[in-house]
Amino acid sequence: MKKRLFSGIQPSGEVHIGNYLGAIKNWISLLDDYDCIFSIVDYHAITVEYSPGVMQERIINAAATNIAAGLDTDRCIIFVQSQVPEHTELTWVLNTLTPMGILERMTQFKDKAQQNEKNINVGLFDYPVLQTADILLYKGQAVPVGEDQVQHIELSREIARKFNTRYGELFPEPQHILSNAPRIMGLDGKNKMSKSMNNYISLIEKPDAIWKKLSRAVTDENRKRRDDPGNPDICNVYTLHKYFSTDSELDRINKQCRSAEIGCVDCKKILSENMVKELEPIREKSLELINNPVSVMDTLNAGAEKCRKIAKETMSEVRSLMGLR
Ligand code: ATP
Ligand code: MG
């Protein structure tokens, strides 16, 4: 039997190249080796300010982009979290096993609390417990994520252990899996590329928009003039080249940047062309799916149905071990 793999993405904005390189490409490469379940985690996305009117569109867009990028729905389940009520039910149970102090130490909570000063709600605080419930509900063993989520997966192991010790062996301890791009930085060069920050290139960006965004991207800040030699080792644009350009291009750009033979604009032009080459088919397929939301919804509904079955079984085991039935 294949091991169960679980991962999720928030419908909190447009899916970007950080999600793609850090998570989605890895999901696609693991499809055959694991029994895969992917969720559009809308209950997570409501922990920050959002507009209800755009939520359904964001859910469809997130699903469409993932499918267009290569998440073959014949080889995995994809579903919307809020269509399976057991996620929040298990969260309540796991809340009773989670010390407040641990949640206070979570880096994401600290970051998001800072970004959302006026709305530091209990849901934002409890986010990692809901995430643990997402995984444990399906007895997920492998969780491919970006580096920012590793701390949460470590917590999910702790919570799983606590449940097993207190109530009886039920949950495997989930292990995170990182890709070769665990932390893509935003175009500001300072923060993690994030949907919630305006520092990303989305998977459905038009070619001219990709160029516009890249042309403003921060490079080696010590390179003040075109004639200054640059340092690719500290340049975020060069880092992005590693995922979109060939080895020989990388080699050439590295040398020509250091000797000031090419400037940042030249370097960005090559990146932009290569990015467009990889992203254009994804954009086209995404738009095709977005324009036919019924087919996407059918896929999501079928996924939710399968998940509800698994989730019900797990919750009944949980209740039975806890003396609730
Ligand atoms: P938000 O800003 O709303 O938190 P996000 O861009 O961080 O959105 P999530 O939906 O929170 O995206 O994360 C989806 C997956 O993408 C997670 O596995 C996360 O670790 C990964 N991920 C997010 N941003 C990056 C990044 N910059 N580099 C690598 N992986 C990332
Ligand atoms: Mg995030």
Side-chain angles (χ1 to χ4, degrees), residues 5-30 36-51 54-55 58-59 61-66 69-71 78 80-82 106-116 119 121 123-125 127-128 130-132 134-135 140 142-156 174-205 213 217-218 236-237 239-240 242-244:
L5 177 151
F6 183 94
S7 202
I9 187 158
Q10 297 188 75
S12 49
E14 285 180 12
V15 178
H16 53 71
I17 56 171
N19 304 133
Y20 175 61
L21 301 170
I24 300 165
K25 268 182 109 171
N26 220 12
W27 298 354
I28 295 163
S29 74
L30 297 167
C36 295
I37 303 181
F38 300 104
S39 187
I40 313 292
V41 289
D42 50 350
Y43 276 153
H44 279 99
I46 63 170
T47 59
V48 295
E49 212 60 60
Y50 76 101
S51 158
V54 302
M55 183 53 94
R58 281 184 171 182
I59 289 173
N61 287 8
T65 333
N66 273 280
L71 208 66
I78 177 165
V80 180
Q81 183 186 34
S82 66
M106 292 293 124
T107 308
Q108 177 177 287
F109 173 66
K110 287 192 263 187
D111 289 347
K112 297 235 165 175
Q114 217 170 34
Q115 289 160 21
N116 301 276
N119 182 22
N121 60 79
L124 191 64
F125 186 65
Y127 185 114
L130 176 58
Q131 191 173 356
T132 301
D134 297 339
I135 302 164
V143 191
V145 287
E147 187 195 68
D148 63 305
Q149 295 303 313
V150 170
Q151 193 183 32
H152 289 172
I153 310 308
E154 279 164 3
L155 173 70
S156 75
Q175 305 296 324
H176 61 262
I177 300 178
L178 290 177
S179 76
N180 65 347
R183 187 180 183 83
I184 295 293
M185 298 305 283
L187 300 176
D188 50 25
K190 288 190 181 69
N191 299 292
K192 175 186 92 70
M193 188 174 282
S194 295
K195 286 191 237 89
S196 53
M197 300 184 91
N198 197 8
N199 66 356
Y200 62 80
I201 290 180
S202 93
L203 293 188
I204 54 170
E205 212 88 67
K213 287 193 171 183
V218 173
N236 189 38
V237 168
T239 303
L240 289 175
K242 292 181 188 165
Y243 304 106
F244 293 97

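Just follow the structure's listing: the first ligand is 1, and inside any ligand the first atom is 1. Every heavy atom of this structure was used, including side-chain atoms; hydrogens, water molecules and symmetry mates were not.
- Distances below 4.0 Å separate heavy atoms of Ile9 from the following atoms of ligand 1: 10 (O), 14 (C).
- The closest protein non-hydrogen atom to atom 7 (O) of ligand 1 is Lys192 NZ, 2.7 Å.
- With ligand atoms numbered from 1 in the order given, ligand 1 contributes 29 (C), 30 (N) to contacts under 4.0 Å with heavy atoms of Gly22.
- Among Arg183, Lys112, Gln149, Gln108, the residue whose heavy atom lies nearest to atom 4 (O) of ligand 1 is Lys112.
- Of all atoms in ligand 1, numbered sequentially from 1 with element shown, those under 4.0 Å from a heavy atom of Ala23 are 15 (C), 16 (O), 18 (O).
- Close contacts of ligand 1 with Ala181, meaning ligand atoms under 4.0 Å from a residue heavy atom, involve 29 (C).
- Side chains of Tyr127 and Gln10: a donor on one and an acceptor on the other come within 3.5 Å.
- Only the backbone of Pro182 comes within contact range of ligand 1, with a heavy atom under 4.0 Å; no side-chain atom does.
- Both the backbone and the side chain of Val145 come within 4.0 Å of ligand 1, counting heavy atoms alone.
- No donor-acceptor pair closer than 3.5 Å links the side chain of Gln149 to the backbone N or O of Gly146.
- Of the possible polar contacts, none joining the Ser194 side chain to the Asn199 backbone as a donor-acceptor pair under 3.5 Å is found.
- Asp134 and Gln81 are linked by a side-chain donor-acceptor pair at a separation below 3.5 angstrom, with hydrogens and angles left out of the test.
- With hydrogens left out, the protein atom closest to atom 30 (N) of ligand 1 is Gly18 O, 3.4 Å, a heavy atom.
- Between the Lys192 side chain and the Arg183 main chain, no donor and acceptor come within less than 3.5 Å of each other.
- Counting only heavy atoms of the protein, atom 28 (N) of ligand 1 lies nearest to Ile184 N, 2.8 Å.
- Not one N or O on the side chain of Glu49 forms a donor-acceptor pair closer than 3.5 Å with the backbone of Asn119.
- Of all atoms in ligand 1, numbered sequentially from 1 with element shown, those under 4.0 Å from a heavy atom of Ser12 are 1 (P), 3 (O), 8 (O).
- Close approach of ligand 1 to His16 is summarised as follows: ligand atoms under 4.0 Å from at least one heavy atom of the residue are 6 (O), 24 (N).
- Between Met193 and ligand 1, at least one N/O pair is under 3.5 Å apart.
- Of the N or O atoms in Tyr127, none lie within a sub-3.5 Å distance of an N or O in ligand 1.
- Each of the following atoms of ligand 1 lies closer than 4.0 Å to a heavy atom of Gly146: 18 (O), 19 (C), 20 (O), 21 (C), 30 (N).
- The shortest heavy-atom contact between Ser179 and Leu21 is OG-O, 3.0 Å.
- For the pair Asp42 (side chain) and Ser82 (backbone), a donor-acceptor distance under 3.5 Å is present.
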